[in-house]
Number of protein chains: 2
Amino acid sequence: MSYKIKSRIWIESDNHVLLGEGRVQLLKAIETEGSLSKAAKSLGLSYKKAWSLIDSVNKSAKKPVTINSTGGKGGGGAELTDYGKQLITVFDEINQNCWTFLDEQVQKLELL
Amino acid sequence: MSYKIKSRIWIESDNHVLLGEGRVQLLKAIETEGSLSKAAKSLGLSYKKAWSLIDSVNKSAKKPVTINSTGGKGGGGAELTDYGKQLITVFDEINQNCWTFLDEQVQKLELL
DNA sequence: TAGCGTTATGTATTTACAAATATAACGAAA
DNA sequence: TTTCGTTATATTTGTAAATACATAACGCTA
């Protein structure tokens, strides 16, 4: 059995967490579901938890990441801004690059 | 205020955590203190917490990482094996490389 | 203006994890 | 055989985080 290396990356802004893997997953769910409550349900987390995450994301980001509308046709909904879509794309890219980088590095351990 | 990227890496063996930053810090303290109880105290964590961490490390590793002796002159003590010393060296090296790698990658976010 | 499905927010409860406490076992040395 | 400072382990207590529950607000539509 060989050693495996795992990693967790996240982006901070002004000492507050902006994006992590969980937040990115939630943003993706919002994009496909069109609403925060449905996104939360699809991921099995409470609406409140999801809301506080998105609230934190939007407060930390330089520009709005989602646009949440309350009331109106269908009761409202949530959608990603273009900036939000770009953020999750770049995050995924960095994360993927990190994994492949670490998979190379971990070989140093096998030689011991 | 620019975005910062943070990371946490850890090594797993057979789906159990072998090494993380906290465990490495504890191993270093054992090396300098010569005992598990003193190492725990120097890091401000309980002896039980420290012991269970080291127990987990030794159970996950391919070879022993520390040698713990009970009783005898001075009551006993704990020290790192050569293998343990090599592990923390390589871990620190990989971690450092990961940070510099991510610092380059994060620049992609600033352009958005 | 009543109804609907959202977003938004507060409060209480439960759960999980960390911390504290207690005690046994160990083995050399005096 | 008593003392000492460890390692080893169980049990209790405390604290913080997650979860659940409850309710207000919103704005379009019929």
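All chains are named by letter (A, B, ...) in the order of the sequence lines, taking the proteins before the strands, and each is independently numbered beginning at 1. As the structure is a computational prediction, the values presented were derived from the model and not from experiment.
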Identify whether any heavy atom of B:S46 sits under 4.0 Å from a base atom; if not, whether one sits that close to sugar-phosphate; answer base, sugar-phosphate or nothing.
nothing
Any side-chain donor near an acceptor of the partner, A:T66 and A:N58, under 3.5 Å
yes
Regarding the side chain of A:W51, the nearest nucleotide among D:dA20, C:dA8, D:dA8 is C:dA8
Do B:F91 and B:I9 touch side chain to side chain, with heavy atoms closer than 4.5 Å?
yes
A:Y47 OH to D:dA20 C1': how many Å, rounded?
16 Å
Nucleotide nearest A:N68 when distance is taken to its side chain, options C:dA8, C:dT6, D:dT7
C:dA8
The residue among B:Q25, B:R23, B:K48 that forms side-chain contact (heavy atoms from CB on, under 4.5 Å) with B:L53 is B:R23
Separation of D:dT19 P from A:L43 CG (nearest whole Å):
12 Å
Between A:K49 and A:G74, the residue closer to the 5' end of DNA chain D by nearest nucleotide is A:K49
How about A:Y83 and A:K62: do any of their side-chain heavy atoms sit closer than 4.5 Å?
yes
Would you indicate what B:K48 reaches in the nucleic acid, counting non-hydrogen atoms under 4.0 angstrom: base, sugar-phosphate, or nothing?
base
Side-chain atoms of B:S35 come closest, of C:dT6, C:dA8, D:dT7, to D:dT7
